[in-house]
2 protein chains.
Amino acid sequence: MERSRRSRGERAGLSREQIVAAARRTLATRGLAGLSLRAVAAELGVAPNAIYSHLDDKNALLDAVLDDVLTAVRNPSAKNPRRALRTIMVDTYDTLVEHPSLVGAYLTRQGSRGPEAQRLGVIMDDCLDRLGAGGRAGEAGRRTMIVYTIGYAAFATGWTADGEQPLSASRVRRDFLAGLDWLINGIVGPP
Amino acid sequence: MERSRRSRGERAGLSREQIVAAARRTLATRGLAGLSLRAVAAELGVAPNAIYSHLDDKNALLDAVLDDVLTAVRNPSAKNPRRALRTIMVDTYDTLVEHPSLVGAYLTRQGSRGPEAQRLGVIMDDCLDRLGAGGRAGEAGRRTMIVYTIGYAAFATGWTADGEQPLSASRVRRDFLAGLDWLINGIVGPP
DNA sequence: ACCTGAACACCGTTCAAGT
DNA sequence: ACCTGAACACCGTTCAAGT
């Protein structure tokens, strides 16, 4: 927000975390289209190119934001692996739906690169293992669930189908849950 | 490609179809990032703003391109509705995978607005009706299948998972088919 | 190493003017 | 109605210079 109080060699004390946080504020106020490096820099009170000292480019910033959002998806209880698998997907769905403008980016970009995405992936693999769906079949199953979840979140946030009246969020969520259970049944067998 | 041979009031004989075709050529050569109105205009040999005489804005152009791509998905045989439903989804998947840079846009934008998407939607509804899954349940089922298909195509074209070796297109396609059958079974019941 | 200032090569879109 | 020319308000990114 503040303008350049600094002269040529002065430091702003910037960090990667601060930049990501500023990017999320900018995203919240200005939307995805308004998420420019220049806008984030303005939010931080630095020159536009100052960001390049901490992140490679705009893609790297977007990836960092995407992963940061996944912090909201908590580790599920390890008791029942089938339930944990479902919970992690439902929480992811709810988190994504709260960030409508980002959902598309999750599908097009490498959604599983960041540490948060990796954390969730490890938990899912563990659950699948314990359910007897390890190895290659488990990989495919995990992938299918993730793709399905992000895809449905994308629908929930973006689409209004043709002549049809707009669907309520709760109806869409319910339909998401139904499909999710069909997929889980297919992957690990009926309960 | 050609430059402005025309003087101030001369017509270029542009049409919406020509613009969409030029946009698809530009997309093929320059990618999604290179699909600018200025690039398309250059491809057509007109001024950048000439496009505004035929389309509202860049979003409208992108929507037109997205729908145009779906022309490649043919009407399936009406004999077996369950098979037709599956065929239409598989053809859509294959078509989307052939247009990697567009897949993300299908999920974020209104994918079901254009005439081609509508054509496919009508066929799907008919199949679901004949399989005894009409009404609200059929709507949800259709949506789930579409979301799943586009989502999986997005994965197939964009993702390379974490430490894992890149997956072959045929493996991903096979996994897509498995999940699709689970969903169809869930929606219309086992065969 | 971190940041500023200035520049480069782009964008989408608007508006007046021409036929 | 359709198109050009020119402009406006933006972009991401690079590069030299400063501490």
Side-chain angles (χ1 to χ4, degrees), chain A residues 1-23 25-27 29-66 101-102 104-105 108-109, chain B residues 1-23 25-27 29-66 101-102 104-105 108-109:
Chain A
M1 263 355 177
E2 328 145 23
R3 295 292 141 151
S4 60
R5 299 212 211 307
R6 277 170 303 282
S7 59
R8 197 109 194 184
E10 279 188 86
R11 309 255 158 149
L14 232 51
S15 71
R16 205 189 119 102
E17 289 73 28
Q18 279 176 37
I19 295 172
V20 172
R25 286 197 302 275
T26 305
L27 189 73
T29 56
R30 304 209 201 287
L32 186 63
L35 183 62
S36 66
L37 290 182
R38 295 177 120 98
V40 175
E43 175 81 20
L44 289 162
V46 299
N49 47 358
I51 295 173
Y52 285 88
S53 296
H54 299 88
L55 289 155
D56 280 349
D57 52 16
K58 199 197 174 179
N59 281 340
L61 175 60
L62 186 53
D63 284 336
V65 169
L66 292 177
S101 55
L102 290 182
T108 45
R109 312 185 58 71
Chain B
M1 258 3 171
E2 326 145 23
R3 297 291 141 150
S4 61
R5 298 213 213 304
R6 276 170 302 282
S7 59
R8 196 108 194 185
E10 277 188 88
R11 310 252 158 151
L14 231 52
S15 71
R16 205 188 120 103
E17 289 74 29
Q18 279 176 38
I19 295 172
V20 172
R25 286 197 302 274
T26 305
L27 188 74
T29 56
R30 304 212 201 286
L32 185 62
L35 183 61
S36 66
L37 290 180
R38 294 176 120 97
V40 174
E43 175 80 21
L44 289 162
V46 299
N49 47 0
I51 295 173
Y52 285 88
S53 296
H54 297 88
L55 288 155
D56 279 348
D57 52 17
K58 199 196 174 180
N59 281 340
L61 175 60
L62 187 53
D63 284 336
V65 168
L66 291 177
S101 55
L102 290 182
T108 46
R109 311 186 57 72

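Naming convention: chains lettered A, B, ... in sequence-line order (proteins, then strands); numbering from 1 in each chain. Remember, predicted model here, so these are calculated numbers, not experimental data.
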**Request:** Name the nucleic acid region contacted by B/Ala50, choosing base, sugar-phosphate or nothing; use a 4.0 angstrom heavy-atom cut-off, strictly under.
**Result:** base
**Asked** Should A/Arg6 be listed as having a side-chain N or O under 4.0 Å from OP1 or OP2 of C/dC3?
**Response** no
**Message:** Please tell me if B/His54 has a side-chain N or O lying less than 4.0 Å from either OP1 or OP2 of D/dA1.
**Reply:** no
**Request:** Could you grab the distance from atom CG of A/Leu102 to atom CG of A/Leu27, nearest 0.5 Å is fine?
**Result:** 5.0 Å
**Asked** From B/Thr26 OG1 over to B/Leu32 CG, what is the distance, rounded to the nearest 0.5 angstrom?
**Response** 11.5 Å
Could you list the protein-to-nucleotides 15-19 of chain D atom pairs, N/O on both sides, closer than 3.5 Å?
from: D/dC15; atom 1: N4; to: A/Asn49; atom 2: ND2; distance (Å): 3.3

Measure across [X] and [Y] and return the closest heavy-atom pair with its distance rounded to 0.1 Å.
X        : Y       : result
B/Ala64  : B/Val20 : CB-CG2, 3.8 Å
A/Ala105 : A/Leu62 : CB-CD2, 4.4 Å
A/Ala23  : A/Leu35 : O-CD1, 3.4 Å
A/Gly34  : A/Ala39 : O-CB, 3.5 Å
B/Leu37  : B/Tyr52 : CD1-OH, 3.4 Å
A/Ala41  : A/Ala47 : CB-O, 3.7 Å

Every protein N/O lying under 3.5 Å from an N/O of nucleotides 10-12 of chain D:
from: D/dC11; atom 1: OP1; to: A/Ser36; atom 2: OG; distance (Å): 3.2
from: D/dG12; atom 1: OP1; to: A/Leu37; atom 2: N; distance (Å): 3.1
from: D/dG12; atom 1: OP1; to: A/Lys58; atom 2: NZ; distance (Å): 3.4
from: D/dG12; atom 1: OP2; to: A/Leu37; atom 2: N; distance (Å): 3.1
from: D/dG12; atom 1: N7; to: A/Arg38; atom 2: NH1; distance (Å): 2.4
from: D/dG12; atom 1: O6; to: A/Arg38; atom 2: NH1; distance (Å): 3.2

Rounded to the nearest angstrom, tell me the gap between atom [atom1] in [X] and atom [atom2] in [N].
X       : N      : atom1 : atom2 : result
B/Asn59 : C/dT13 : CG    : C1'   : 12 Å
B/Leu61 : C/dT13 : CG    : P     : 10 Å
A/Leu55 : C/dC3  : CG    : P     : 12 Å

**Message:** A side-chain contact here means heavy atoms from C-beta on lying under 4.5 Å apart; do A/Val46 and A/Arg6 qualify?
**Reply:** yes
**Fill in**
In B/Arg38, B/Gln18, B/Arg25, B/Arg30, the residue satisfying side chain to side chain donor-acceptor pair (under 3.5 Å) with B/Glu43 is B/Arg25
**Complete:** Applying the Watson-Crick and G-U criteria (both distances under 3.5 angstrom) with [ ] for crossing and | for other-strand pairs, one obtains for DNA chain D ||.|||||...|||||.||
**Prompt:** Would you say the side-chain atoms of B/His54 pair up with the backbone N or O of B/Ile19, donor to acceptor, closer than 3.5 Å?
**Reply:** no
